[in-house]
Every structure is written in C-alpha cells, then in structure tokens.
Number of protein chains: 2
Amino acid sequence: MARRAKQTQDLVPVSDASLARFMGYHMKRAQHVMISDMNAVIQPMGLRMITFSVLNMVVENPGLRQSQLADALVIERPNLVVILDGLEERDLISRDRVPTDRRAYALNATLAGRQLSDAAICAIEAHEARMLAGVSDEDRNTVLRVLGQVRRTKPGAEQ
Amino acid sequence: MARRAKQTQDLVPVSDASLARFMGYHMKRAQHVMISDMNAVIQPMGLRMITFSVLNMVVENPGLRQSQLADALVIERPNLVVILDGLEERDLISRDRVPTDRRAYALNATLAGRQLSDAAICAIEAHEARMLAGVSDEDRNTVLRVLGQVRRTKPGAEQ
DNA sequence: TATTGTTATACTCTATAACTATA
DNA sequence: TATAGTTATAGAGTATAACAATA
C-alpha cells in the first residue's frame with residue numbers, strides 16, 4: 001500500500017493522534033476498507049454492496065414494494081429505481097403490477113436471482129471471516145451492539 | 001425518518017435478517033449516520049469531515065508535505081489538491097516552497113486555521129458524546145480496537 | 001390532496017491517467 | 001528514470017424537485 005518513497009516517508013513522523021480520538025475517524029476508515037473488499041469479492045458476480053443488498057431483500061421479502069424497500073435500506077426512491085432497472089434487465093427480479101393498487105409494483109426474485117443471492121452470501125461470509133479473523137465472538141457482538149445504537153438524532157438534542 | 005404511509009408500512013413485515021448477519025451492513029449504516037451528523041455539526045464553520053481532517057493534520061504536523069498527508073489520510077493526491085486549494089483560499093493554511101526540494105510544498109496552518117481546527121474539535125467532541133451516549137468506555141474501546149484491526153488484505157489470502 | 005414510481009439533475013467522494021517541473 | 005504536485009475526468013453514492021398515473 002505504501003506508494004510513497006522512503007525519503008518522503010520519514011522526513012517528519014506524521015501523527016494523527018488528534019483525529020484518532022474520534023470514533024468517526026476510525027469508522028469511516030474501517031467501513032471504507034470493508035466495503036471496498038466486499039465489492040471486490042462480489043464484483044465477478046456483477047454485484048456491488050448496494051445491488052446485493054437490494055437483491056437479497058427482494059429474495060427475503062417476496063412481494064415487497066419499492067417504497068418499503070427504499071425505507072428499509074434507507075436509500076432514496078429515485079436511486080432505487082436505477083438499481084432495480086439493472087436487476088430486472090438481468091432477469092434477477094421482476095416488477096409485477098399489484099391488482100389492488102395500480103400505482104405499485106410487487107418485487108419478486110427469479111430463480112436466477114435467488115441463486116445469485118445465495119452465491120453472493122457465501123462469498124461475503126468468506127470475506128467477513130477474513131476481515132474479522134482474530135476477533136472474538138464476544139468482541140464482534142459488542143461491536144454490532146454499539147453500531148446498532150448509533151441513531152439519527154437532532155444535533156443539539158441530548159436524547 | 002419514516003416517510004412512508006401507514007398502509008404501506010405494514011403490508012408486509014419487512015425483514016433484513018439475512019443482511020443483518022453481516023458486519024459490513026451495520027458498519028455502512030452506522031458510519032453514514034455518524035458522518036452525516038458530524039458534517040451537519042461543522043458545516044456552520046464551512047468544514048466537512050474530510051476538510052476538517054486535512055486541516056487538523058496540517059495543524060498537528062507543521063511542515064507536512066502533500067504526499068505524506070495523502071498517504072496518512074488514505075486519500076488520492078489529486079483529491080487532496082482540491083481540498084488544500086479551498087483551505088488556502090480561506091487563509092487557513094499556506095503552501096510554502098521547500099528550498100531543498102523545489103518540487104515539494106511544506107504545509108502550515110495559519111493562526112485562523114489553528115483556531116478553526118480547535119473550534120471544530122470542540123463541536124465534534126460534543127457530537128461524539130451525543131452519538132455515543134450510553135456506550136460504556138469499555139465497549140467504546142472494544143469497538144476502536146476491532147475497527148483498528150480491519151486492514152486491507154488480498155481477497156483469498158488467509159493472512 | 002396524497003402516494004407510487006419515475007425522470008432529471010446535482011453534489012460529494014473516490015479513483016485513474018497523464019501532464020509539468022523538478023530531482 | 002522517478003517523484004511532487006497538478007489537471008482533467010469518470011464513476012459511485014447520495015440527495016432533491018417535479019412529473020404522470022393512480023388512490
């Protein structure tokens with residue numbers, strides 16, 4: 001990773017001690033590494049983090065509507081449209097008209113979609129095992145719990 | 001945050017159980033919430049996460065060179081140039097020619113830059129205290145340690 | 001009047017190739 | 001020939017306004 005020449009590297013010992021006190025600094029860095037690696041792992045399947053998440057949610061929730069899906073994944077509906085276009089074009093999902101509400105579409109995965117989702121899950125499980133090698137189950141659960149506590153709050157509110 | 005109408009919300013109980021097994025899913029979500037909140041907090045100072053990080057690093061490491069800074073923050077040098085342009089235009093930092101290597105610039109913060117960095121640090125400390133309210137010091141340290149363990153590795157390698 | 005899906009658009013973040021001026 | 005900084009550009013990711021069809 002170190003692309004810089006040796007002379008430059010040790011001109012001054014670079015310190016990020018001030019930034020390193022902040023959780024946000026570490027979260028951003030770690031998240032970037034995790035998502036980059038995950039994207040590399042599922043790229044041969046023609047998937048990215050976001051497209052996999054959408055596909056997997058459709059597989060797990062047959063008949064889901066686009067608005068529900070956008071809400072669940074916290075993405076804007078206009079952005080979801082483009083992702084679904086790509087999945088539908090590859091015949092991984094279908095958009096089926098809902099008879100009782102002709103504005104809406106029921107999302108369903110095809111067999112190919114379910115198979116691709118399963119294959120991606122296997123690849124991602126291996127990726128996570130590699131990235132978190134050496135982390136105990138207890139520590140992993142602590143991290144999951146703390147991350148889950150991070151909620152959108154009004155700045156200034158002490159809730 | 002729930003912008004969806006009630007009818008739609010409970011048509012089908014939406015499950016993300018499969019995705020939720022993955023650390024990457026939670027990290028991405030939590031990081032997005034953290035960075036959005038932090039950006040909102042320092043936006044009145046004309047700063048964002050990345051511009052604050054750069055400014056703070058220059059404050060903490062007088063004489064730093066652009067390549068060192070890009071390496072330390074893991075950002076591409078072309079992207080750093082634009083950020084430094086903005087900070088220099090606001091007289092928060094200066095780019096000083098290095099006599100011994102006329103290709104390089106030594107980065108230094110101005111008084112205004114140091115003051116703005118200090119003010120931003122205070123705001124970010126409050127933001128972190130709010131976002132992590134209820135998280136014990138022990139759990140916070142565990143999260144920091146685990147996040148720090150997430151390293152760029154070659155996919156396929158078991159290192 | 002409100003909601004579903006859509007189009008168009010814009011801004012941020014990240015990434016790469018290629019240039020200049022120095023070394 | 002290699003490095004420091006730069007320019008230009010492109011691709012993701014995210015966000016908002018406004019529209020047509022339907023409720």
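Everything numeric in this text was worked out from a predicted model, so none of it was measured. To find a chain, count down the sequence lines: A is the first, B the second, and so on, and within it residues start at 1.
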note: B/Phe52, atom CZ; C/dT12, atom P; distance rounded to Å ~ 19 Å

From CZ of B/Arg77 across to P of C/dT14 the rounded distance in Å is 15 Å

From CD1 of B/Ile35 across to P of D/dA15 the rounded distance in Å is 13 Å

Margin query: Strictly below 4.0 Å: does A/Ser67 bring a side-chain N or O up to OP1 or OP2 of C/dT3?
Written below: no

Separation of D/dA15 atom P from A/Asp71 atom CG, nearest Å, is 13 Å

Is the backbone of B/Asp137 close enough, under 3.5 Å, to the side chain of B/Asn141 for a donor and an acceptor to pair up by distance? yes

Review point. Do B/Asn56 and B/Ser117 meet the criterion of a side-chain donor-acceptor pair at a distance under 3.5 Å?
Key: yes

With no hydrogens and no angle check, do the side chains of A/Arg97 and A/Tyr105 hold a donor and an acceptor under 3.5 Å apart?
-> yes

Review point. Hey, does the side-chain of A/Arg103 have a donor or acceptor N/O within less than 3.5 Å of a partner on the base of C/dT3?
Key: yes

N or O in side chain of B/Lys28 less than 4.0 angstrom from D/dA12 OP1/OP2: no

Per atom distances to the B/Arg102 side chain, the nearest of C/dA23, D/dA23, D/dT6 is C/dA23

A/Ile83 atom CD1 is separated from C/dT6 atom C1', nearest whole Å, by 14 Å

By nearest-nucleotide position on DNA chain D, the 5'-leaning member of B/Ala104 and B/Asp85 is B/Ala104

B/Arg97 CZ to C/dA21 P, in whole Å, measures 11 Å

Worksheet item: Quick one: does B/Met34's side chain get under 4.5 Å of B/Met131's, heavy atoms only?
Response: yes

Among the nucleotides D/dG5, D/dG13, C/dA15, whichever has the atom closest to the side chain of A/His32 is C/dA15

Whole-Å distance, B/Leu107 CG to D/dT6 C1', equals 14 Å

Between CE of A/Met49 and C1' of D/dG13 the distance, given in whole Å, is 12 Å

Among D/dA17, C/dT16, D/dG5, the one nearest any side-chain atom of A/Pro78 is D/dA17

Presence of A/Arg95 side-chain N/O under 4.0 Å of C/dT6 phosphate oxygens OP1/OP2: yes

Worksheet item: Just wondering, are more than 12 heavy atoms of other shown residues or ligands nearer than 6.0 Å to CD in A/Gln43?
Response: no

Per atom distances to the B/Gln66 side chain, the nearest of D/dG13, D/dT6, C/dG5 is D/dT6

On DNA chain C, more 5' by nearest nucleotide between A/Ala106 and A/Ser36 is A/Ala106

_Within the 4.0 Å heavy-atom criterion, would you say A/Ile50 contacts the bases, only the backbone, or no part of the nucleic acid?_
sugar-phosphate

**Item:** Base C/dA15 to side chain B/Asn79, donor-acceptor N/O within 3.5 Å cut-off
**Value:** yes

